[in-house]
Colleague: 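I am attaching a structure below and will ask some questions about it afterwards.
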Amino acid sequence: MKKQSVYKLMLVAALTATGLISWTNKPVPKKVAADRPNIIIILTDDMGFSDVACFGGNFVPTPNIDRIAQNGRKFTQYYSAAPICSPSRVGMLTGMNPARWNFSTYLDNRQHNKNAEQADFLDPSAPSIARIFKNAGYATGHFGKWHMGGGRDVKNAPGFENYGIDEHNSTYESPDPDPLLTATNWIWSDKDSIKRWDRTKYFVDKTLAFMQKHKGQPCFVNFWPDDVHTPWVPRKETEYTGKYPMNPEEEAAFKLVLKEYDVQIGRLLDGLKTMGLDKNTIVIFTSDNGPLPSFRGSRAMGLRGSKLSLYEGGTRMPFIIQWPGHVPAGTIDETSELSSTDLLPTLTKFAGVSLPVGYKGDGMDRGAALLGKPSLRGKDLFWEYGRNATGFAYPRPIDKSPNLAVRSGEWKLLMNNDGSDIQLYNILKDRKETTNEAANEPQKVAQLKEKLMAWWLTMPRLK
């Protein structure tokens, strides 16, 4: 082969690896690269399936979050990769089941992580949606909660740059906490320069400043606030009068925090419009996992379970996407199953960005569904929550699920990894998981049990 041909092949391979060549193997012109959509993923913390009005919530009006639904498409069968923060975030960042990276519950101190048979931080060699976009010429930012390594006595967690993130402002549970948010060695303090009630506003400001700074270059942003996680601490000067501090676990406090959260989402959307970026920005709104049981189960529209549970209330999340001119406005999809692991292959396809050579994720390209054509996923969803009793707890018995689950079409099977407590639900007819069909469907139980155990046994284990 001629040297010139060899050089051309090497160049094509290098450009493909960086994402500068599309899936058609044609170079992406600079104009096309500049016109690629911006992407902002809003990952709310501990939001219930029906907290917001457009999903049936009646706590407070949420006109700004509802605006995303009015301008885009709402999905009612979207699932997070886990019912708790650390593994759910790993699933979204990597497009892979978090169990593949030894995450099955929340990260804490080293002893807790060891006892829970999981890593102290996400392996920096893991795939990262931010890195993939960065390598394709995007400016990448992370503003908000991380919780995939760092904090407490984990001092050697890799920095944000190891995951392809250019700029960041994050909280205590990260490798580089923002000093304005971490006056003390803990998650939140009234000594913080940015008070609890202003955190989401701060992250909105940082996101908009980042977008303005990189105007003319496509941007990928993780906007991951720590609202509406407890404690709920509303602003005392203007939000209410009376006892202070308000009980941070009561419904009145939650309503005020949710109201302010919606205001800040409005500021984000308005800021994009002011900069002229709203038409070419994909905005996704969802949550990492469900809420703890609160307010008579009203935060999950009656779905069984909660945060820390593999029942629907722990993993089925609100999901809205807007992309003017692409995603049909004001539409609802109640058919298509989506997973947080699907975002990586879907968004890269939307942007014409190549996946890394050899990447094998658990997600699927679900672009057709997001763009208005409902379809069944056709690929099973698997969950693991807790490999032993450490970090595997429940706030009340009714929410205590087995620690493994699979959804396969209309059926969902839950069981413990020792084969006990088998439960089978027809999730389309019984989304509240009230009737265990295991005794009536022995063949389906056998089929799904075999699938689930085969999957679980392939997951790596820490040595």
Side-chain angles (χ1 to χ4, degrees), residues 42-66 83-85 106 144-145 147 171-173 178 180-184 186-205 223-268 285-303 305-309 313-314 317-318 393-396 399:
I42 304 171
L43 186 64
T44 312
D45 199 1
D46 287 13
M47 175 163 272
F49 180 77
S50 60
D51 277 354
V52 299
C54 63
F55 273 82
N58 57 10
F59 294 104
V60 296
T62 52
N64 294 298
I65 297 171
D66 295 351
I84 196 165
C85 45
Y106 65 95
K145 183 175 177 178
H147 210 171
T171 58
Y172 171 74
E173 293 164 317
D178 186 328
L180 297 180
L181 303 170
T182 50
T184 62
W186 189 235
I187 297 169
W188 174 75
S189 166
D190 57 7
K191 297 178 181 179
D192 294 340
S193 298
I194 305 298
K195 303 303 183 186
R196 173 77 185 204
W197 52 80
D198 277 335
R199 279 194 175 192
T200 298
K201 179 178 184 294
Y202 182 65
F203 293 136
V204 169
D205 291 344
F223 175 70
W224 292 6
D226 47 9
D227 282 333
V228 287
H229 194 295
T230 54
W232 299 308
V233 185
R235 180 189 301 277
K236 66 175 181 177
E237 292 88 352
T238 59
E239 294 286 343
Y240 69 92
T241 58
K243 183 179 65 174
Y244 188 79
M246 178 178 278
N247 182 345
E249 302 293 331
E250 67 185 15
E251 187 170 346
F254 168 73
K255 288 179 176 179
L256 291 172
V257 168
L258 179 58
K259 178 181 177 182
E260 174 63 17
Y261 185 59
D262 182 76
V263 168
Q264 296 308 321
I265 298 300
R267 288 186 63 242
L268 176 66
F285 179 92
T286 188
S287 176
D288 61 345
N289 48 252
L292 290 173
S294 46
F295 321 144
R296 304 160 303 282
S298 57
R299 296 185 61 193
M301 196 175 277
L303 296 176
S306 65
K307 178 180 181 177
L308 317 176
S309 170
M317 299 294 103
Y394 294 91
R396 60 184 188 178
D399 295 311

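We're numbering straight along the sequence, starting at 1. Both backbone and side-chain heavy atoms feed into the values below; hydrogens, waters and symmetry mates do not.
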Colleague: Is there a side-chain contact between Ile265 and Ile42, using heavy atoms and a 4.5 Å cut-off?
Modeller: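 Answer yes - side chains close enough.
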Colleague: Looking at every non-hydrogen atom in both residues, tell me the closest pair between Ala300 and Gly313 and how far apart they are.
Modeller: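 Of all heavy-atom pairs spanning Ala300 and Gly313, the closest is CB-CA, 4.5 Å.
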Colleague: Which distance, rounded to the nearest 0.5 Å, do you find between the OG1 of Thr44 and the NZ of Lys145?
Modeller: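 One gets 11.5 Å once the value is rounded to the nearest 0.5 Å.
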Colleague: What orientation do Tyr261 and Phe285 show, parallel under 30°, tilted 30 to 60°, or perpendicular over 60°?
Modeller: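 Plane angle between 30° and 60°, so tilted.
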Colleague: Using a 3.5 Å distance criterion without hydrogens, assess whether the side chain of Ser287 forms a donor-acceptor pair with backbone atoms of Met47.
Modeller: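 Present.
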Colleague: Does some side-chain heavy atom of Thr171 sit less than 4.5 Å from a side-chain heavy atom of Thr182?
Modeller: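 Side chain of Thr182 against side chain of Thr171, heavy atoms only: no contact under 4.5 Å found.
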Colleague: With rounding to the nearest 0.5 angstrom, report the CD1 to CG distance, Ile65 to Leu268.
Modeller: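 Here the interatomic distance stands at 11.0 Å.
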Colleague: I'd like to know whether Leu256 forms a side-chain contact (heavy atoms from CB on, under 4.5 Å) with Arg235, so could you lay out the CA-CA distance, the side-chain angles of the two residues, the decisive distance to 0.1 Å, and finally the verdict.
Modeller: CA-CA 8 Å; Leu256 291 172; Arg235 180 189 301 277; over 6 Å; no
Colleague: To the nearest 0.5 Å, what is the distance between CH2 on Trp186 and CG on Asp192?
Modeller: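 Trp186 atom CH2 to Asp192 atom CG measures 13.0 Å (nearest 0.5 Å).
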Colleague: Closer than 3.5 angstrom, by distance alone: can the side chain of Asp262 be matched with the main-chain N or O of Lys259 as a donor-acceptor pair?
Modeller: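 Between the backbone of Lys259 and the side chain of Asp262 there is no qualifying donor-acceptor contact (under 3.5 Å).
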Colleague: Walk me through it: do Leu43 and Thr286 pass the test side-chain contact (heavy atoms from CB on, under 4.5 Å)?
Modeller: CA-CA 5 Å; Leu43 186 64; Thr286 188; 3.9 Å; yes
Colleague: Are Glu260 and Pro234 packed together at the side-chain level, in the sense that at least one heavy-atom pair is separated by less than 4.5 angstrom?
Modeller: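 With C-beta onward as the side chain, the pair stays apart.
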Colleague: Tell me whether Lys201 is salt-bridged to Asp205, with the criterion being a basic N under 4.0 Å from an acidic carboxylate O.
Modeller: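 Salt bridge flag = yes for Asp205 with Lys201.
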Colleague: Please round to the nearest 0.5 Å and tell me the distance separating atom CZ of Phe49 and atom CE of Met317.
Modeller: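 The CZ atom of Phe49 sits 8.5 Å away from the CE atom of Met317.
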Colleague: Would Asp227 and Thr200 count as a side chain to side chain donor-acceptor pair (under 3.5 Å) here? Give the steps.
Modeller: CA-CA 7 Å; Asp227 282 333; Thr200 298; 2.7 Å; yes
Colleague: Determine whether Pro225 and Asp45 make a side-chain contact, defined as any pair of heavy atoms from C-beta on separated by less than 4.5 Å.
Modeller: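 Not touching, per the 4.5 Å side-chain cut-off.
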Colleague: To the nearest 0.5 Å, what is the distance between OG (Ser309) and CD1 (Ile84)?
Modeller: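 Interatomic distance, Ser309 OG to Ile84 CD1, rounded to 0.5 Å: 11.5 Å.
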Colleague: Aromatic ring centroids of Phe203 and Phe223 under 6.0 Å?
Modeller: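 Centroid distance Phe203-Phe223: not below 6.0 Å, so no.
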Colleague: So do Thr184 and Tyr172 actually touch side chain to side chain, heavy atoms under 4.5 Å?
Modeller: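 Not touching, per the 4.5 Å side-chain cut-off.
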Colleague: Could you measure the distance from the CG atom of Asp46 to the SG atom of Cys85? Nearest 0.5 Å is fine.
Modeller: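 Reported to 0.5 Å precision, the distance equals 7.0 Å.
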Colleague: Looking at the rings of Trp232 and Phe59, which for Trp means the six-membered one, are their centres under 6.0 Å apart?
Modeller: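 No, ring centres 6.0 Å or more apart.
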Colleague: Please report the shortest heavy-atom distance between Leu181 and Arg199, naming the atom on each side.
Modeller: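 Shortest heavy-atom contact: O-NH2, 3.2 Å.
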Colleague: Under 4.0 Å between a side-chain nitrogen and a carboxylate oxygen: does that hold for Lys307 and Asp399?
Modeller: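 Judged by the 4.0 Å cut-off on N to carboxylate O distance, Lys307 and Asp399 do not form a salt bridge.
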Colleague: Backbone N or O of Gly314 within a donor-acceptor pair of the Asn289 side chain at under 3.5 Å?
Modeller: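 No, the answer is negative, given that no donor and acceptor are paired below the 3.5 Å cut-off.
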Colleague: Is any side-chain heavy atom of Val257 closer than 4.5 Å to one of His229?
Modeller: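 No; the side chains remain at least 4.5 Å from each other.
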Colleague: Are Asp190 and Lys195 ion-paired here, with the side-chain N under 4.0 Å from a carboxylate O?
Modeller: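 Answer for the salt bridge query: no.
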Colleague: If I compare all heavy atoms of Pro291 with all of Gly48, which pair ends up nearest, and what's the gap?
Modeller: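 Looks like CD-CA, 3.4 Å.
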Colleague: Please examine the side chains of Asp226 and Trp188, heavy atoms only from C-beta on, and report whether any two atoms are closer than 4.5 Å.
Modeller: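 Heavy-atom side-chain distance check fails, nothing below 4.5 Å.
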